[in-house]
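These notes are about the structure you will find just below.
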Amino acid sequence: MIGCRAVLVAVVVAIVALLACDGAAPASGLARVRAAGVLRWGGDVQGGEPYVYGDPARPDRLIGFEVEIADAIAKQLGVRAEFVQNDWSNLVPSLERGSFDVAMNGLEVTESRVGRVRFTRPYYVFAARLMARADDASILPDLLALRGKKVGTLANSFAFEMLRGAAEPVVYEGVEEPYVDLVHGRTDAVLLDDIIASRYGAPREELRVVGDLSEGYYALAVRPSEPDLAAAIDGAIDALAASGELRRILDRSRLWNARQERLVGWSAADQTTMIGAPPAPPPLGTAHVTLFLRGAGVTLVVSVLAMALAMTLGLLLALGRLYGGPVLARLAGAYVEVYRGTPVLLQLYLLYYGLAPVLRLGALPAAVIGLGMNYAAYEAEVYRAGIQAVPAAQLESALALGMTTRLALRRVVLPQALRHAIPNVTNDFIALLKDSSLVSVITVVELTKQMTITAVDVRSWVGPGLLCAGLYFAMSYPLGAVARRLEKKLEGEREEEAAR
Amino acid sequence: MIVVDDVKKTFASRLVLDGVSVRFERGQVASLVGPSGGGKSTLLRCINGLERFDSGRVEVAGLVLGPRQPRPDAAERATLRAIRLKAGMVFQHYGLFAHMSAIANVMEAPIHVRKIAPHEARERAEQLLDRVGLSHRRDALPRELSGGEQQRVAIARALAMDPEALLLDEPTSALDPERKAEVVDVLRDLAKAGATMILVTHEAAVAREIADRAICLREGRVVADGTPSEVLR
Ligand SMILES: Nc1ncnc2c1ncn2[C@@H]1O[C@H](COP(=O)(O)OP(=O)(O)O)[C@@H](O)[C@H]1O
Ligand SMILES: [Mg+2]
């Protein structure tokens, strides 16, 4: 219990220290940018064409309409622009902790973001575009008609906030995957910005555009503590819009349309309307706690089932490797090397998206199978070590009594090997419990994902972070205690034996 | 009833058994003696198939084992198991199943190999533990038993399969004198009861007391064969 409290205190101290750093930004952002001669802007190249992406002709060079806008704004400020790669879903927290001066990457002006960052005036007016399968007439261009439908979107996006409470949102981290899953029937529709829909959804023959449900704005996000930088960028965008430069840039990416005309002559009143009155963040309430508990439930279910698979498959692999004859041993060895030698994230991607054309797994089964097959490689090694720790004399005695090798393994070698393996298996289960947060890349909303969603909601990481950490801890601490107890017991037995 | 006929065995191109031929009769207690490294353990292990030989043949109660095949087939594996049921083995370091109590060790093979009903196997195991003087230790785990106790359980475990012969590889050499005596007592009783045994031992006194015959193995060859007093001069 003392250990438990000490860890919690450490977590709180770490979080408070992080928060303290946030407040330490210099007073004038503009002065800092000018002094450095560079405007550092954060974005994610994974968002792809046409935002920021590698030039196909020269992949080391970034192009895209946002690159051009950043360059043009920087020029207006008398500095140069520098791109900083950052995971899209964490652009706002990274901005807050000072990883770059501004964030710009299809960052929509949403209620929850307005409460955390200061938005400049917009550089693009987007539409939230609904797409469905071409042969599915049941999807209508009406948010209320989506009730009960599974609708793909990006986590914490404008569309996600629209869908919450109206449909069953399925959250993705990339822009290609929602449409892939829609084609494969894993979802009923996809709601995303028109740019994404026209580049990644519309080209697919199997899909159709249902309609636009709403409009919104892309703007640069600046830290609220640096209003002078925001004002300078407002001025720069104003100048770019007035001179026609903004239109030329958007035209080059075939993005100019009637909606964009609003950007010219954008007034202070327009800005106020766009931002609206920042709503008070909802407090972390029982509704959130319920969601967290559900997330913890998903984490636990995925982990337990994945571990069951890992233990079974791992045992078969270990047996194959030790007793399976040359061919099976080679195959089992290759399995272990491949699964341990490649990232589990990649394995999840391949299993869920890569195999989708031939094997359409649901997100939860894919999560269990993906994690289970990965951990099987580790369990196989744990069991192999356990089996090798059983003295050869045990197997010989069993054979000398007329047992078949199979019976001797089952009755004599494995029960002892598994005992040796228990502490390591338990430790691996704790590791798996935490690694299970990776399955959010294939749309499973488990504990960590729930935490990031809630953190955006309540505009703070402290409460959700502590709650999330506390739940993980509550799940892993008892297991850790069991593992330590077993380890001590086995250690004691070994010493007892050695003492003879 | 056990015939070893011109058996040759090499380990990594080293000749360990160099054409050994010897017959062991039913009801006879033979002791295998000779210098360390002479091939005694290897010969025992060849008789019950834990080690395969390169040429020659071994016959145990009518079952014939030939030299090692590149790929043993099902029939050969069945012969191996049948031979192991006829010739029980007791190892120098006991080899009790570490996760099972004394009585579970004794019952294990009768239940799972001979398919004897568990209650019958238990009854018989209790008799055997009584016979080696350990009925009070039946629920102890191997690590809770002394070496002498472990070896007596191992003997009871081998006897539980009703073998026609017992192969014992230095059953007393890991024990201190007191424990040694406990095991020798058990072996003497078995010998008196007419058991067929092949006993590898370094101890002339034990061989003289228990065995009818002594065979000396040196550098893989039988160099002497006669009564213990003849061979162990
Ligand atoms: N598994 C093995 N691999 C290689 N050499 C072995 C093996 N077992 C025994 N030997 C060698 O065979 C010879 C005979 O050994 P062993 O039969 O144990 O002799 P003994 O029991 O008479 O002391 C020794 O030289 C030993 O080193
Ligand atoms: Mg030996």
Side-chain angles (χ1 to χ4, degrees), chain A residues 315 318-319 322-330 382-383 385-425 486-500, chain B residues 41 44-45 47-51 71-72 74 77-100 104-115 141-147 149-150 153-154 157-163 166-169 174:
Chain A
L315 185 57
L319 289 175
L322 289 172
Y323 304 103
V327 177
L328 217 55
R330 182 94 35 101
V382 168
Y383 292 138
I387 290 171
Q388 283 170 336
V390 177
Q394 293 281 308
L395 179 61
E396 279 204 337
S397 307
L399 294 178
L401 286 165
M403 291 193 188
T404 58
T405 307
R406 184 182 290 238
L407 181 64
L409 284 177
R410 184 162 67 78
R411 296 287 310 171
V412 176
V413 177
L414 287 183
Q416 297 183 55
L418 298 188
R419 271 172 66 93
H420 287 297
I422 285 173
N424 285 328
V425 172
L486 286 170
E487 215 152 356
K488 257 197 205 118
K489 184 159 174 262
L490 288 176
E491 198 63 42
E493 281 173 13
R494 247 170 259 146
E495 270 162 23
E496 210 176 303
E497 229 148 300
R500 291 182 177 275
Chain B
S41 298
L44 279 200
R45 293 165 62 81
I47 290 174
N48 83 340
L50 282 178
E51 209 72 75
R71 271 189 168 277
R77 285 200 298 267
T79 308
L80 265 178
R81 284 200 302 279
I83 284 183
R84 288 169 183 164
L85 294 182
K86 305 262 181 213
M89 184 100 177
V90 174
F91 300 89
Q92 180 177 357
H93 293 287
Y94 339 123
L96 291 184
F97 304 139
H99 59 308
M100 293 183 193
N105 261 279
V106 180
M107 292 161 60
E108 179 66 15
I111 292 176
H112 293 280
V113 178
R114 286 237 192 264
K115 311 284 182 203
L141 285 171
R143 65 168 175 278
E144 297 160 347
L145 296 170
S146 74
E149 289 172 330
Q150 289 191 58
V153 175
R157 178 175 72 175
L159 292 175
M161 295 300 277
D162 296 315
L166 266 191
L167 315 180
L168 303 109
D169 193 357

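First the proteins, then the strands, lettered A, B, ... as listed; each starts at 1. The model shown is predicted, which means the values in this text are computed figures rather than measured ones.
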(request) Would you indicate whether the side-chain heavy atoms of I387(A) and L409(A) approach each other to under 4.5 Å? (result) no
(message) Need one label for T404(A): side chain, backbone, both or neither, based on atoms under 4.5 Å from any heavy atom in chain B.
(response) both
(message) Need one label for L80(B): side chain, backbone, both or neither, based on atoms under 4.5 Å from any heavy atom in chain A.
(response) neither
(message) Distance check, rounded to the nearest 0.5 Å: L315(A) atom CG versus L418(A) atom CG?
(response) 6.0 Å
(request) Measure the CZ-CE distance between R410(A) and M403(A) for me, rounded to the nearest 0.5 Å. (result) 9.5 Å
(message) Quick check for you: to the nearest 0.5 Å, what is the distance between Q416(A) atom CD and Q394(A) atom CD?
(response) 4.0 Å
(request) Sort out for me which of M161(B), R114(B), E108(B), M89(B) touches chain A most, counting heavy-atom pairs under 4.5 Å. (result) E108(B)
(message) Which atoms of L401(A) are under 4.5 Å from chain B, going by heavy atoms: the side chain, the backbone, both sets, or neither?
(response) both
(message) For F91(B), which atoms come within 4.5 Å of any heavy atom of chain A: side chain, backbone, both, or neither?
(response) side chain
(request) Would you give the length of the straight line joining atom OH of Y94(B) to atom CD of E149(B), rounded to the nearest 0.5 angstrom? (result) 10.5 Å
